[in-house]
Amino acid sequence: MSASNPQTEAAANAPVEPRPSNFVRDIILDDLKTHKFSGRVQTRFPPEPNGYLHIGHAKAICLDFGLADEFGGHTNLRFDDTNPEKEETEYVDSIMEDVKWLGFQWDGLFYASDYFDQLYEWAVQLIKAGKAYVDDLTADEIRKYRGTLTEPGKDSPFRNRSVEENLALFERMRAGEFPDGSRTLRAKIDMASPNFNMRDPVMYRILHADHHRTGSKWPIYPMYDFAHGQSDSLEQVTHSMCTLEFEDHRPLYNWFIKELGIFPSQQIEFDRLNLTYTLLSKRKLHQLVRESRVSGWDDPRMPTLSGIRRRGYTPEAIRNFCGAIGVSKTTGSIELAMLEHFVREDLNKRAPRAMAVLRPLKVVIDNYPENQTEEMDAVNNPEDPSAGSRKIPFSRTLYIEQDDFREIPPPKYFRLSPGREVRLRYGYFVTCTSVVKNDKGEVIEVHCTYDPATRGGNNPPDGRKVRSTIHWVSAAHAVNAEVRIYENLFSKEDPNQTDADQDFTANLNPNSLEVLTDCKLEPSLASAVPGNRYQFERLGYFCVDLDSALGKPVFNRTVALKDTWAKIEKRK
Ligand code: ATP
Ligand code: MG
């Protein structure tokens, strides 16, 4: 290979420092060493545009784009659109948006349907070589003839048609002369093969259906298995990564490549991502949307990239997660908590802090001057000094979380209660003096006194300490907001585990969405726009939802902070 190939040069200059490897990367490193593909690395991400991408696809995207990037190679985005009945432009658009959002840019943009003419010619080539035939068996009959795991299949009575007859029939299939399902074109391989995929697989089916790109041009469509490998080959893909269920299809793809004498892309299979409490199947996610179990593909509880984006997950967090889980040859299940860990870790670095009270309880500081407001300094992000600080108004009437007050404090409860002093973050030390109750005996207002010597929340000169710091929002300055709290969409670790008469929807968590409509936010959040992410102090990470309107912000809880109190309470 000439040294002027820019990709070869790029590969030679690829970083050599040790980084966490995986078996796919090792194969590529080896191929670069042996100059197998002239030092080229060409990958592709091949979604079928029949749904929105999910976090499992992110794993494949990070692998396909990540490895090509590392070795100065290229990655195509190719839509495997051989199934006109399930495919839509909406999905194509969403997939492109999601790939870009994850931080990747494809080199070539292709569609398997771009290759329909070429695939048709290749089918004719195989017929002429006596390697393919038109079969009149129905789908049911084909299934019956296929045999079982222990028994070989049976040859179709149409298997030995002459080349001329096959050519004529295939041409008539192409001309739209036959009804749907009445005939197929099959590869003539081996009905006794231990691999089902090699028992004369169907290459073409008759389907009078409009295609999202080719319209009504074709009354026949290639099967995925007759399109995928050749599409890779046409694009000179060197390393074609796919999930393990395609391992058994590799001999078939290699057979087509060999019989057609075309560029031999190398398929490498890796394990699918499975996550606890989550389903990663487009078919099942589609069912949730269709049955209105969620608000749409981008419902923040969905594991789709559009859902987790709306929820506030960052592309960096997802890429870090995908890097950490790596790839292997054995399928397992990853804890959802691990994904959440990477989300927290990333947001901790980048999300500005803010104070917000989700379930407000009124606090009146009796010895604080009426009509006075002080501007308190608050740090925007302790992890990022460059984020600076902001002013928060403090006044006589505040809101705190209902959870941060107990009239009768249980053991180890150090937050506000009658006679107890706590720190209001960036505010003052306050001591609870009395409460006001409603007719039902519920505390609706807490009265306190404050210590002016603790301004900013600092320890007083007498060295007195408090055991708890709580957050607050000044009542007169608060921005009212709706906050949506999400829990796992499924209550079972494996949502597919059901009784025989149920489907996975039986495992939907009835409490996966809680809408809080009376939340109080510090005034700096009034200008937040959809997509902005914050850490609400002591509560978690939150992001502004698309449903926000001017003066009516809606926030999603992206992920909670770890709550040690909840753990203590649970243990009891
Ligand atoms: P689904 O089962 O959700 O419908 P799929 O495999 O049919 O997924 P495709 O659009 O064909 O979806 O997938 C595009 C690429 O993403 C393929 O290479 C596929 O192997 C990969 N992929 C899909 N799901 C996962 C997953 N859970 N983990 C890793 N890779 C995946
Ligand atoms: Mg698929």
Side-chain angles (χ1 to χ4, degrees), residues 52-53 93-94 96-103 294-302 304-319 340 342-358 360 375 377-393 399 426 471 473-486 513-561:
Y52 282 60
L53 296 183
D93 295 341
S94 76
M96 294 202 270
E97 187 185 351
D98 289 347
V99 172
K100 281 193 236 164
W101 176 74
L102 262 188
V294 292
S295 65
W297 285 99
D298 70 345
D299 186 303
R301 293 166 293 177
M302 289 280 269
T304 51
L305 296 183
S306 51
I308 60 186
R309 170 168 66 237
R310 184 168 172 185
R311 179 145 166 181
Y313 284 26
T314 60
E316 292 84 358
I318 295 165
R319 293 203 305 264
E340 292 178 342
F342 279 92
V343 174
R344 275 193 205 96
E345 185 187 65
D346 187 55
L347 289 175
N348 182 40
K349 283 183 269 176
R350 66 177 72 241
R353 276 46 173 176
M355 294 217 276
V357 171
L358 302 189
E375 296 287 320
D377 286 312
V379 175
N380 282 336
N381 187 347
E383 303 289 322
D384 176 10
S386 75
S389 65
R390 69 190 184 286
K391 301 282 186 194
I392 309 177
Y399 293 112
Y426 302 126
H471 62 275
V473 171
S474 166
H477 305 90
V479 174
N480 289 313
E482 174 178 319
V483 176
R484 299 174 182 168
I485 306 287
Y486 303 104
L513 169 64
E514 183 185 5
V515 179
L516 303 173
T517 53
D518 187 29
C519 307
K520 308 289 181 184
L521 315 181
E522 67 167 73
S524 74
L525 294 180
S527 55
V529 294
N532 283 176
R533 307 179 182 96
Y534 300 88
Q535 183 194 97
F536 289 173
E537 302 234 6
R538 299 180 60 235
L539 297 175
Y541 294 96
F542 292 78
C543 116
V544 184
D545 189 75
L546 300 169
D547 287 346
S548 292
L550 204 66
K552 282 197 69 187
V554 176
F555 279 76
N556 296 313
R557 186 175 72 186
T558 308
V559 64
L561 294 176

Notebook entry, point to check: Do the side chain of S94 and the main chain of Y52 share a donor and acceptor less than 3.5 angstrom apart?
Noted result: no
Margin query: Suppose we screen for side chain to side chain contact (heavy atoms under 4.5 Å, CB included). Which residues come up paired with K552, at least two apart in sequence or across chains?
Written below: A549
Next item on the list: Using the test salt bridge (charged side-chain N to carboxylate O under 4.0 Å, His left out), find all partners of E345 that sit at least two apart in sequence or belong to another chain.
Entry: none
Next item on the list: Could you grab the distance from atom CG of L513 to atom CD1 of I485, nearest 0.5 Å is fine?
Entry: 9.5 Å
Check: Residues in side chain to side chain donor-acceptor pair (under 3.5 Å) with K391, at least two apart?
Finding: D377
Next item on the list: Identify the heavy atoms of R310 and C543 that sit nearest to each other, and give their distance.
Entry: O-SG, 3.3 Å
Next item on the list: Sequence neighbours left out, what passes side chain to side chain donor-acceptor pair (under 3.5 Å) with N556? Give chain and number order.
Entry: Y486, D545
Check: Rounded to the nearest 0.5 Å, how far does CD of E537 lie from NE2 of H471?
Finding: 8.5 Å
Notebook entry, point to check: By salt bridge (charged side-chain N to carboxylate O under 4.0 Å, His left out), which residues pair with D384, not counting sequence neighbours?
Noted result: none
Checklist line | Contacts of E340 that satisfy salt bridge (charged side-chain N to carboxylate O under 4.0 Å, His left out) - sequence neighbours left out | finding: none
Notebook entry, point to check: What are the two closest heavy atoms between P393 and S474, and how far apart are they?
Noted result: O-CB, 3.3 Å
Next item on the list: Kindly give the heavy-atom pair with the smallest separation between V483 and C519, and that separation in Å.
Entry: CG2-SG, 3.6 Å
Notebook entry, point to check: Side-chain contact, heavy-atom cut-off 4.5 Å: V99 with L53?
Noted result: yes
Notebook entry, point to check: Looking at residues at least two apart in the chain, or sitting in another chain, which of them share a side chain to side chain contact (heavy atoms under 4.5 Å, CB included) with N348?
Noted result: R353, E383, Q535, Y541
Notebook entry, point to check: What pairs with D93 under side chain to side chain donor-acceptor pair (under 3.5 Å), at least two apart in sequence or on another chain?
Noted result: none
Item checked: Under 3.5 Å: donor-acceptor pair, side chain of R344, backbone of A560 -> yes
Margin query: Does any part of the side chain of R533, heavy atoms only, come nearer than 4.5 Å to the side chain of T558, both counted from C-beta?
Written below: no
Item checked: R557 CZ to L516 CG distance, which is reported to the nearest 0.5 Å -> 9.0 Å
Checklist line | Separation of L525 CG from N532 CG (nearest 0.5 Å) | finding: 9.0 Å
Notebook entry, point to check: Do you know which two heavy atoms are closest between G296 and M302, and how far apart they sit?
Noted result: O-CG, 3.7 Å
Checklist line | By side chain to side chain donor-acceptor pair (under 3.5 Å) - contacts of R390 (at least two apart) | finding: N380, E522
Notebook entry, point to check: Is there side-chain contact between N381 and P352, with at least one heavy-atom pair below 4.5 Å?
Noted result: no
Notebook entry, point to check: What residues, two or more places apart in sequence or in another chain, satisfy side chain to side chain contact (heavy atoms under 4.5 Å, CB included) together with V479?
Noted result: L521, A526, P553
Next item on the list: Please name all residues satisfying side chain to side chain contact (heavy atoms under 4.5 Å, CB included) with D346, sequence neighbours left out, ordered by chain then number.
Entry: T314, E316, A317, K349, R350
Item checked: Non-hydrogen atoms of P315 and W101 that approach each other most closely -> CB-O, 3.2 Å
Check: According to the ring pair (Phe, Tyr, Trp, His ring centres under 6.0 Å) rule, which pairs have a member within residues 518-539, sequence neighbours left out?
Finding: F536-F542, F536-F555
Checklist line | Distance in Å, L102 CG paired with L305 CG, rounded so as to fall on 0.5 Å steps | finding: 5.5 Å
Check: Any side-chain heavy atom of D547 within less than 4.5 Å of one from R484?
Finding: yes
Notebook entry, point to check: Any side-chain heavy-atom pair from L546 and D298 closer than 4.5 angstrom?
Noted result: yes
Notebook entry, point to check: With distance as the sole test, does T517 use its side chain to make a donor-acceptor pair with the main-chain N or O of E482 at under 3.5 Å?
Noted result: no
